[in-house]
Colleague: 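Just passing along the structure, written as structure tokens.
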Amino acid sequence: MASAAPSVVERFAPSPTGELHLGHAFSALTAWEAAQAAGGTFLLRMDDLDTGRCKPEFAQGIEDDLRFLGFFWPEPVLYQSTRAAEHGAVIDDLIAKGLVYPCVCTRAEIQAAAGAPQEGAPDGPPYPGTCRGQSGLPSDQPHALRLDMGKAIDFLGGNEAVRSLTFEEIGVGPNGERGTIPLDPDALIEQVGDVVLRRKDGAIAYHLAVVLDDGFQGITHVTRGQDLFPSTPIHRLLQALTGTPTPIYRHHRLIRDENGRRLAKRHRDLSLSVLRAGGATPADIRASAGL
Ligand code: GLU
């Protein structure tokens with residue numbers, strides 16, 4: 001007898017650094033509707049790694065907005081900040097494998113050394129490698145930990161092995177990408193480079209946290225905006241390095257204002273709390289998001 005396909009688990013993973021706007025609503029509705037259509041589960045996670053900007057009242061507002069839209073989640077909300085011990089253990093393992101190195105560079109130093117930003121670089125200009133290969137951990141200075149991309153590719157078996165790593169795109173990337181997408185080791189070296197895995201303040205960095213926590217929550221489908229499509233090869237590589245399963249990805253278009261700018265906090269009038277206060281129903285919000 002054929003075994004049943006694993007049940008679909010979708011998630012919405014906002015950072016509680018502000019109010020939800022129509023762009024967030026579009027993302028959450030897309031994930032929710034995909035979960036409903038598949039008879040699956042929708043989970044909520046708070047990506048609260050940026051402790052300076054995350055606030056409990058924003059997290060509460062996000063929950064209120066999602067409940068207003070009619071969503072529910074069968075598990076308690078997962079706060080990424082509660083997973084520091086598990087994140088730290090994975091970092092220790094990557095250190096033991098010799099795949100990370102300490103970096104004391106400031107943002108200004110990196111920008112000055114790297115020159116003009118390159119097309120397709122998800123985190124700005126790739127790190128120029130100043131601290132790579134320096135021996136001895138600078139225990140007395142604040143330092144980030146970076147992935148040594150070249151060593152990571154070698155660890156996984158080299159360029160050919162990395163090209164055989166793929167992810168499934170069932171939405172669409174910013175340049176029409178869809179289907180089975182292989183990693184490109186040359187682009188990982190030249191355009192992505194040695195990404196930060198642990199920040200100078202000691203917090204795990206976004207790319208590793210999202211991979212580990214999607215794995216922890218058993219997420220089968222990652223629904224998110226096209227702005228994060230260029231980060232997906234990094235996530236796929238980190239999944240391979242940490243033995244974390246690869247979900248299916250559904251990147252979606254971004255909601256823009258009349259000037260073509262992505263929605264952001266400055267678009268206060270398009271925040272769900274303002275729309276709700278003005279009498280908008282869940283159906284109105286769906287329609288305003290173009291669904
Ligand atoms: N926390 C991310 C954000 O707020 C979304 C999670 C993801 O990258 O998939 O943009």
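Treat the numbers as computed from the prediction; the structure is a model and nothing was measured. Counting begins at 1 with the first residue of the sequence. For ligands, and for the atoms within them, numbers begin at 1 and follow the listed sequence.
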Colleague: Are R53 and D50 ion-paired here, with the side-chain N under 4.0 Å from a carboxylate O?
Modeller: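 Here R53 pairs with D50 in a salt bridge, since their nearest N and O are under 4.0 Å apart.
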Colleague: Going by salt bridge (Lys or Arg N to Asp or Glu O under 4.0 Å), name the residues that satisfy it together with D214, two or more places apart in sequence or in a different chain.
Modeller: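 By the salt bridge (Lys or Arg N to Asp or Glu O under 4.0 Å) rule, D214 matches R11, R45.
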Colleague: D213: which residues meet the salt bridge (Lys or Arg N to Asp or Glu O under 4.0 Å) condition with it, sequence neighbours left out?
Modeller: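 Result, salt bridge (Lys or Arg N to Asp or Glu O under 4.0 Å) vs D213: R83.
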Colleague: Is any NZ, NE, NH1 or NH2 atom of the basic residue among E168 and R236 found under 4.0 Å from an Asp or Glu carboxylate oxygen of the other?
Modeller: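 Looking at R236 together with E168, the answer is no, because their closest N to O distance does not fall below 4.0 Å.
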Colleague: Any salt bridge between R250 and E169, counting N to O under 4.0 Å?
Modeller: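 No, this pair does not count.
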Colleague: Quick one: salt bridge (Lys or Arg N to Asp or Glu O under 4.0 Å) partners of E63, sequence neighbours excluded?
Modeller: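 Here the qualifying residues are R67.
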Colleague: Would you please write out the protein residues whose heavy atoms approach any atom of ligand 1 to under 4.0 angstrom, listed by chain and number?
Modeller: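 Close residues (ligand 1, cut-off 4.0 Å): R11, A13, S15, D47, Y206, V210, R224, L228.
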